[in-house]
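FYI, the numbering just counts along the sequence from 1.
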Amino acid sequence: MNWIRRIMAGRYGPDHLSIFLMFLSIILSVIFRIIGIPWLFFISYIPLVWCIFRMFSRKLEVRSMENYRFMMILSPIYKFFKRIRDRSRDKTHKYLKCPKCKASLRLPKGKGKICITCPKCKYEFIRKT
Ligand SMILES: [Zn+2]
């Protein structure tokens, strides 16, 4: 394993964008395999070559900026899934949307039918929690 360490010394290595490119290459190759057009199959190698180029690159700052920009694009999607995960783990609260202003409201679970006042628009509505 020392030879890998020697080769990768001073090089960028894998990151989120590289892993994404690797999976993109696999997905594209499967899709083109299913479609069955042989010349399109080579398109699936483009992300893989880009991934290998990035991993072996010595321009660390340029590669980390690429990864940073990629993560900035991905962050709203990541936040969306994180919010779903956090809400599904929260067993003591129920999440509702205000019917008037669509603001997200967090309510305690198991309180029965209660009158809810939206803190944003002061609209009152009755719901079971
Ligand atoms: Zn409201």
OG/S75 to NZ/K79 distance, rounded to the nearest 0.5 angstrom?
5.0 Å
For the CE atom of M55 and the CD1 atom of I19, what is their distance to the nearest 0.5 Å?
8.5 Å
Between I73 and L17, is there shared hydrophobic-cluster membership here, with clusters defined by ILVMFWY side-chain heavy atoms closer than 4.5 Å?
no
On a heavy-atom basis, which atom in S57 and which in R63 lie closest, and how many Å separate them?
OG-NH1, 2.8 Å
With hydrophobic residues grouped by side-chain heavy-atom distances under 4.5 Å, do V30 and F20 end up in a single group?
no
Hydrophobic cluster membership, with links at side-chain heavy-atom distances under 4.5 Å among I/L/V/M/F/W/Y: are I26 and L21 in one?
no
Atom NZ in K102, atom SG in C121: separation rounded to 0.5 Å?
10.5 Å
Does L60 sit in a hydrophobic cluster with other residues, and if so which ones, taking ILVMFWY side chains as linked at heavy-atom separations under 4.5 Å, directly or through other members?
Y12
Exercise: do R87 and S104 side chains pair donor with acceptor under 3.5 Å:
yes
Run the numbers on F32 and I35 for side chain to side chain contact (heavy atoms under 4.5 Å, CB included), then give the verdict.
CA-CA 5 Å; F32 292 139; I35 292 170; 4.3 Å; yes
Apart from L105 itself, residues in the same hydrophobic cluster as defined by side-chain heavy atoms under 4.5 Å:
L96, L107, I114, I116, Y123, F125
Less than 4.0 Å between a side-chain N and a carboxylate O, is that true for R69 and E66?
no
Counting only heavy atoms not in R85 (residues, nucleotides, ligands), do more than 12 fall under 6.0 Å from its CZ?
yes
Cluster question for you: counting only ILVMFWY and a side-chain heavy-atom cut-off of under 4.5 Å, with indirect links fine, are I34 and I27 together?
no
Side-chain heavy atoms under 4.5 Å apart, restricted to Ile/Leu/Val/Met/Phe/Trp/Tyr: what other residues fall into the cluster of Y68, or is it alone?
M65, M72
Can you tell me how far the CG atom of D86 sits from the CZ atom of R83, to the nearest 0.5 Å?
10.0 Å
Using modelled atom types only, decide if a donor and an acceptor are shared between the side chain of K91 and the backbone of S88 within a distance under 3.5 Å.
yes
With sequence neighbours left out, write down each residue that passes side chain to side chain donor-acceptor pair (under 3.5 Å) with S64, or none if nothing qualifies.
none
Report the C-alpha separation of E124 and T117 in whole Å, then their side-chain angles, then the decisive distance to 0.1 Å, and conclude whether the side chain to side chain contact (heavy atoms under 4.5 Å, CB included) test is met.
CA-CA 4 Å; E124 289 186 352; T117 307; 3.4 Å; yes
If every non-hydrogen atom of K120 is compared with every non-hydrogen atom of A103, which pair is closest and at what distance?
CD-CB, 3.8 Å
Got a sec, which pairs hit ring-ring contact (aromatic ring centres under 6.0 Å, His included) with one end in residues 72-113, sequence neighbours left out?
none
I'd like a table of donor-acceptor pairs (distance under 3.5 Å, sequence neighbours excluded) in which one partner is a side-chain atom from residues 41-52, with atom names and distances.
| residue | atom | partner | partner atom | Å |
| --- | --- | --- | --- | --- |
| S44 | OG | F41 | O | 2.6 |

Can you tell me how far the CD1 atom of I7 sits from the CG atom of N2, to the nearest 0.5 Å?
11.0 Å
Would a single hydrophobic cluster contain both F53 and M22, if residues Ile, Leu, Val, Met, Phe, Trp and Tyr are joined by side-chain heavy-atom contacts under 4.5 Å?
yes
Could you check whether R54 pairs with D15 (Lys NZ or Arg NE/NH1/NH2 to Asp/Glu carboxylate O, under 4.0 Å)?
yes
Does R11, at its CZ atom, have more than 12 non-hydrogen atoms belonging to other residues, nucleotides or ligands within less than 6.0 Å?
yes
More than 12 foreign heavy atoms under 6.0 Å from NZ of K109: is that the case here?
yes
